[in-house]
*Asks:* 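Take a look at the following structure, please.
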There are 2 protein chains.
Amino acid sequence: MQKAAIEKNNEMIAAQLTPVGRETVQDRVYSELRRALIGGLFEPSQVLTIRGLADALVTSTMPVREALGRLITEKALEALPNRSVRVPPITLERIDDLLRARSLIEGEAIALAATRMNPRQIASVEAMLGEWDEMRALKHKKDIDREATLNQSFHFEIYRCCGSAVLIPMIESLWLQSGPCIRVAIYAFSDAGEVDTAHYHRSIVAALSRQDAQAAREALVADISRPFAFLRDKLQSTSKEG
Amino acid sequence: MQKAAIEKNNEMIAAQLTPVGRETVQDRVYSELRRALIGGLFEPSQVLTIRGLADALVTSTMPVREALGRLITEKALEALPNRSVRVPPITLERIDDLLRARSLIEGEAIALAATRMNPRQIASVEAMLGEWDEMRALKHKKDIDREATLNQSFHFEIYRCCGSAVLIPMIESLWLQSGPCIRVAIYAFSDAGEVDTAHYHRSIVAALSRQDAQAAREALVADISRPFAFLRDKLQSTSKEG
DNA sequence: TCAAAGCAAGCGTGATCACAAATCAAATCA
DNA sequence: TGATTTGATTTGTGATCACGCTTGCTTTGA
């Protein structure tokens, strides 16, 4: 019986190769649409069609319609009575509603994380802060996409430490819902002049490293409130004009 | 121009007829699976197949697969790496996780509702309490399904008053996730002898009627903690035996 | 000239088929 | 006898087609 030898050979092969994964087309479509939504590539109130997306993503309609259905159930998209689907429009009530929910849930997640993060994990998110500064130093403005991605990684790296398999998907859903709104605010930001966003993130990391759950929660709420407050003002002024 | 006459005739017709609705097969399948999940008709860890459900619901596979996909994204079902889908199993961590999330979010919802409910709405949920007592008086035990339905109506009637279009879908998702777990506990309840559940609901209504948000939150948390705590003890004792 | 009817293109929905992966059972070999 | 392999059945996934609804434009009639 050369069972052991075969086993060893397989292990050698396994060490060289990297798993190819079994992602379905539907999963890729779903991920791509999520990315687009969080990244603000779609405008609020924009209507999406199955065939149009299928053409753009170079697949058939089948994976797209299932991905759209999933995004509708998590309120990232909206099903109109006409049976067409669109990106939810921005309203003042919705902005306040989203901010309240995010403060509540992400606040709880970071408070939990503050009591559970080990030094290794804290060092990891602290390192992201440095990477951030480098990027900012190099190209004074621009590259909003890269900054947004980094911001997302920063937040979820922390949230993952809260140890809740229930809260994290909810937070993802909230980011999905607020993505299109936030992006509108961010773009307006970069026109209106930069604000020191790094300051908030430093406060968060500082609170985490001394395991101060309450301070972490407050710093986080201040961080996520910023774009919402900006968007709120912008919306109110435009509605006055109209 | 007999426009006014035509208009009047149309109104008369509309008064007689009731809208026929435009629910798709997929929607019906989704609702039915939701009902089954919250009602605990499926056991934890039970595997569901598309064709099996399609046969049981007397449709084709298409509406079922889309409904399953939607339920998977809201974590009401679980996609295994084998690509089969099952009802999520019960674990101690999951129970604590769900209870924490529900206390947080439903607690916030009821606190908001406490400040916003008008006398009309309060009277409505108070009336449900009476209906409850009647049912309980008639058939001493039994009819758990009816009681569960009433309980669900009671809670969501309150939550709807919180005025948040973001929180309510999240609460629905949480009920969906905890449905199978809760049902296991409820059935064990009715064996172990009834507890006075009406007491908690009276406390909730009392707090709401004097607009005491904090008391309402505490009464609610006590109410939803009960089956979770019971289930928790049951799980711990069985794991000791095994 | 303008509103209403009619028509055509586009869309979502559901059914069916083809294919590949997984599962289970019988058959095979050591 | 017990582990392995082989083959048949079942399952999920994706593509395609047919049907009915919606929408926008043209045409018709007053």
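The sequence lines fix the lettering, A, B, ..., with proteins before strands; numbering per chain opens at 1.
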*Asks:* Which angle, to the nearest 10 degrees, lies between the helix axes at the two ends of the helix from C:dT1-D:dA30 to C:dA30-D:dT1, each defined by five pairs?
*Replies:* 0°
*Asks:* Is it true that a side-chain atom of A:E108 and a backbone atom of A:I105 form a donor plus acceptor pair closer than 3.5 Å?
*Replies:* no
*Asks:* Strictly distance-based, threshold 3.5 Å: is any side-chain N or O of A:E66 a donor or acceptor partner for the main-chain N or O of A:P63?
*Replies:*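 No; zero donor-acceptor contacts below 3.5 Å.
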*Asks:* Using side-chain hydrogen bond (donor to acceptor under 3.5 Å, both in side chains) as the criterion, list what pairs up with B:S45, not counting sequence neighbours.
*Replies:*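 Per chain and number, B:S45 pairs via side-chain hydrogen bond (donor to acceptor under 3.5 Å, both in side chains) with no residue.
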*Asks:* With a distance cut-off below 6.0 Å to the six-membered ring centre and an angular limit of 45° from the axis, does B:R34 pair with B:W175 as a cation-pi contact?
*Replies:*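 Checked: cation-pi criterion not met.
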*Asks:* How about CD on B:Q46, more than 12 heavy atoms from neighbouring residues, nucleotides or ligands closer than 6.0 Å, or not?
*Replies:*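 Buried by this count: over 12 neighbours within 6.0 Å.
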*Asks:* May I have the distance from B:L57 (atom CG) to C:dG14 (atom C1'), rounded to whole angstrom?
*Replies:*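 Taking CG of B:L57 and C1' of C:dG14, I get 15 Å after rounding.
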*Asks:* Given 3.5 Å as the limit, does a donor-acceptor pair link the side chain of B:T91 with the main chain of B:R94, or not?
*Replies:* yes
*Asks:* Atom CD of residue position B:Q152 - does it have more than 12 heavy atoms of other residues, nucleotides or ligands inside 6.0 Å?
*Replies:* yes
*Asks:* Would a distance-only check, ignoring hydrogens and angles, find a side-chain to backbone donor-acceptor pair under 3.5 Å from B:N118 to B:R120?
*Replies:*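 Checking the backbone N and O of B:R120 against the side chain of B:N118, a donor-acceptor pair under 3.5 Å is found.
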*Asks:* Do nucleotides 12-21 of chain D as a string where each nucleotide becomes B, S or -: B if the base has a protein heavy atom under 4.0 Å, S if just the sugar-phosphate does, - if no protein is that close.
*Replies:* BBBBB----S
